[in-house]
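Chain A is the first sequence line, chain B the second, and so forth, proteins listed ahead of strands; every chain is numbered from 1.
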Number of protein chains: 2
Amino acid sequence: MSLPHAILTALLEKPSSGLELTRRFDRSIGYFWSATHQQIYRELGKLEADGHIRALPTEQPARGQKKSYEVLPAGRAELARWTAASQDPRPHRDTLLLRLRASAVVGTEGIEADLRRHLELHRRQLAEYEEIEKRDFPPGRDTCEDKLRHLVLRAGIELETFWTRWLTDALEEFGELPDSGPA
Amino acid sequence: MSLPHAILTALLEKPSSGLELTRRFDRSIGYFWSATHQQIYRELGKLEADGHIRALPTEQPARGQKKSYEVLPAGRAELARWTAASQDPRPHRDTLLLRLRASAVVGTEGIEADLRRHLELHRRQLAEYEEIEKRDFPPGRDTCEDKLRHLVLRAGIELETFWTRWLTDALEEFGELPDSGPA
DNA sequence: CTCCTTTGTGCAACTAGTTGCACAAACGCG
DNA sequence: CGCGTTTGTGCAACTAGTTGCACAAAGGAG
């Protein structure tokens, strides 16, 4: 229910083609609302049909030709409505926690290596976020938009920090465990 | 792809009927893998068809009659296989962060109230987790299973702690913002 | 100039999750 | 006893998200 709104936000920040959107989803909005190019194209079609966005006029529109979209007033209004509306947090789902819990009954054999791998992934993600922070949010520059976006980035940083720390703790505890748990 | 494994885990911890599972999902496993009773019943059917679980024999089985399931060896093996297999973290999706980012372009009107509401929800969840910790994990009792389950619970506690703090910070920044941002 | 890779767009089929409803038995109450 | 509420089970339809593939144009390499 939120992909169209993610796209509207991205397009308001800068009108783009499907592929450009896909790229930007990989680097920024996608950090908390990921989407594949297939989803994005499909959704662009719907948004256009609904009159929320329109294709920027080009010379010869054709398949395999860049097509940029911009947000129409109706789209902006819809985004504003959605942003302001009260919404319940969606339930989280975390496979790793589930597996850890499962390993309490079927044994921890094999999971440790994957914990290490996840730790490495989270470390890398954290480094990437910190890079972005250094680049996009230097000490000065405190416009209202910057403050909001920085807030979002900080959430990402702190979440990755949490996972990094938690996984480190978990691995430490694994060291103290008898070899493969129960089962 | 993980609901069947969540159910297997829960059933290994204790054989249960569909409704009992639903209740336990609401209080424990569901904290990181939520499911409705409809999903659970459907999945129980599939798991039984696959020979992973079986219904415990009862006197007169009938609709509207409690039916308990237990895990068969094949089910346990499947769970062990899945737990040990390497898996990539699934992308997170967070509506609130998305809305905050959107509010940087369409204005913050209306979102503050919902931030407060979320803060309250996370505080409550945190309190619930801490209650569980006090009840189920008193200082002694360090069996291997307990350690693993405690680790999972601590992840929940720390995540809620993070959200509580982050939302508090965010609301503070909102106080300093000019009235409704851009737009 | 032809073939191969990259860029960009898109459809179709599938899987997972949600919502809405239905139905039966058991329980409590006037 | 008859009637509404709670408990327990379940189907069907829908929505969202994923996976797999296809096709066109453009650019570079032999």
Side-chain angles (χ1 to χ4, degrees), chain A residues 1-8 10-11 15-26 29-30 32-50 53-56 58-69 82 87-95 98, chain B residues 1-8 10-11 15-26 29-30 32-50 53-56 58-69 82 87-95 98:
Chain A
M1 217 31 250
S2 312
L3 179 57
H5 302 100
I7 292 178
L8 286 172
L11 285 181
S16 314
S17 68
L19 191 68
E20 281 162 359
L21 275 178
T22 305
R23 298 250 165 84
R24 289 168 57 206
F25 266 73
D26 285 345
I29 297 216
F32 46 91
W33 204 276
S34 71
T36 61
H37 78 271
Q38 291 91 334
Q39 279 177 279
I40 289 172
Y41 282 115
R42 186 171 23 169
E43 209 59 45
L44 283 171
K46 282 190 207 161
L47 283 167
E48 191 177 22
D50 291 350
I53 63 176
R54 64 161 190 171
L56 286 175
T58 71
E59 300 73 48
Q60 76 281 42
R63 200 184 161 96
Q65 195 71 12
K66 241 188 221 180
K67 198 162 66 172
S68 278
Y69 292 92
W82 176 81
Q87 285 177 46
D88 282 328
R90 46 174 46 224
H92 0 61
R93 300 221 154 100
D94 190 300
T95 324
L98 192 54
Chain B
M1 215 33 247
S2 313
L3 179 56
H5 303 100
I7 292 178
L8 286 172
L11 285 181
S16 313
S17 69
L19 191 68
E20 280 162 359
L21 275 179
T22 305
R23 298 250 164 84
R24 289 168 56 207
F25 265 72
D26 285 345
I29 296 216
F32 45 91
W33 204 276
S34 70
T36 60
H37 77 273
Q38 291 92 335
Q39 281 177 277
I40 289 172
Y41 281 115
R42 185 170 26 167
E43 210 57 46
L44 283 172
K46 283 190 206 161
L47 283 167
E48 192 176 22
D50 290 349
I53 62 174
R54 65 161 189 171
L56 287 174
T58 70
E59 298 76 46
Q60 76 280 40
R63 201 185 161 93
Q65 195 72 11
K66 240 188 225 183
K67 196 161 68 170
S68 277
Y69 290 92
W82 176 83
Q87 284 177 47
D88 282 328
R90 45 172 48 226
H92 1 60
R93 299 222 155 98
D94 191 301
T95 324
L98 192 55

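Residue A/Thr22 is out of contact with every strand shown, counting any heavy-atom pair closer than 4.0 Å.
Between the C1' atom of D/dT18 and the NE2 atom of A/His37 lies a distance of 12 Å, rounded to the nearest Å. Note: OH (B/Tyr69) to C1' (D/dG8) measures 12 Å, nearest angstrom. One interatomic measurement links the two molecules: OH of B/Tyr41 to C1' of C/dC23, which rounds to 13 Å at whole-angstrom precision. Regarding B/Arg90, its CZ atom lies at a distance of 10 Å from the P atom of C/dA16, rounded to whole Å. In this structure, A/Asp88 places its CG atom 11 Å from P of C/dT19, rounding to the nearest Å. For the pair B/His5 NE2 and C/dT15 C1', the computed distance is 15 Å after rounding to whole Å.
The B/Gln38 side chain lies nearest to C/dC21 when the options are C/dG10, C/dC21, D/dT9. Distances from the side chain of A/Leu19 to the nucleotides C/dT7, D/dG17, D/dT9 place C/dT7 closest. Nearest to the side chain of B/Gln39, among C/dT18, C/dT9, D/dG8, sits C/dT18. Set against D/dG10, C/dG17, D/dG17, the side chain of B/Trp33 has C/dG17 as its closest nucleotide.
Contact annotation: A/Arg93 side-chain N/O to D/dG17 OP1/OP2 distance is not under 4.0 Å. Remark: A/Ser17 is not in phosphate contact with C/dG8, judged by side-chain N or O atoms under 4.0 Å from OP1 or OP2.
Sequence order on DNA chain D of the closest nucleotides to A/Lys46 and A/Thr36 puts A/Lys46 first from the 5' end. For B/Glu20 and B/Arg42, each mapped to the nucleotide of DNA chain D holding its nearest heavy atom, the one lying further toward the 5' end belongs to B/Glu20.
Scanning both residues, A/Tyr69 and A/Ile53, for their nearest heavy atoms gives CD2-CD1, 3.6 Å. Summarising the geometry of A/Trp82 relative to A/Met1, their closest heavy-atom pair is NE1-O, 4.2 Å, with the distance given to 0.1 Å.
The residue from B/Leu11, B/Leu3, B/Ile7 that alone fulfils the side-chain contact (heavy atoms from CB on, under 4.5 Å) condition with B/Leu47 is B/Ile7.
For the pair B/Gln39 (side chain) and B/Thr36 (backbone), a donor-acceptor distance under 3.5 Å is present. B/Arg90 places no side-chain N or O within 3.5 Å of a backbone atom of A/Asp94 that could act as its donor or acceptor partner.
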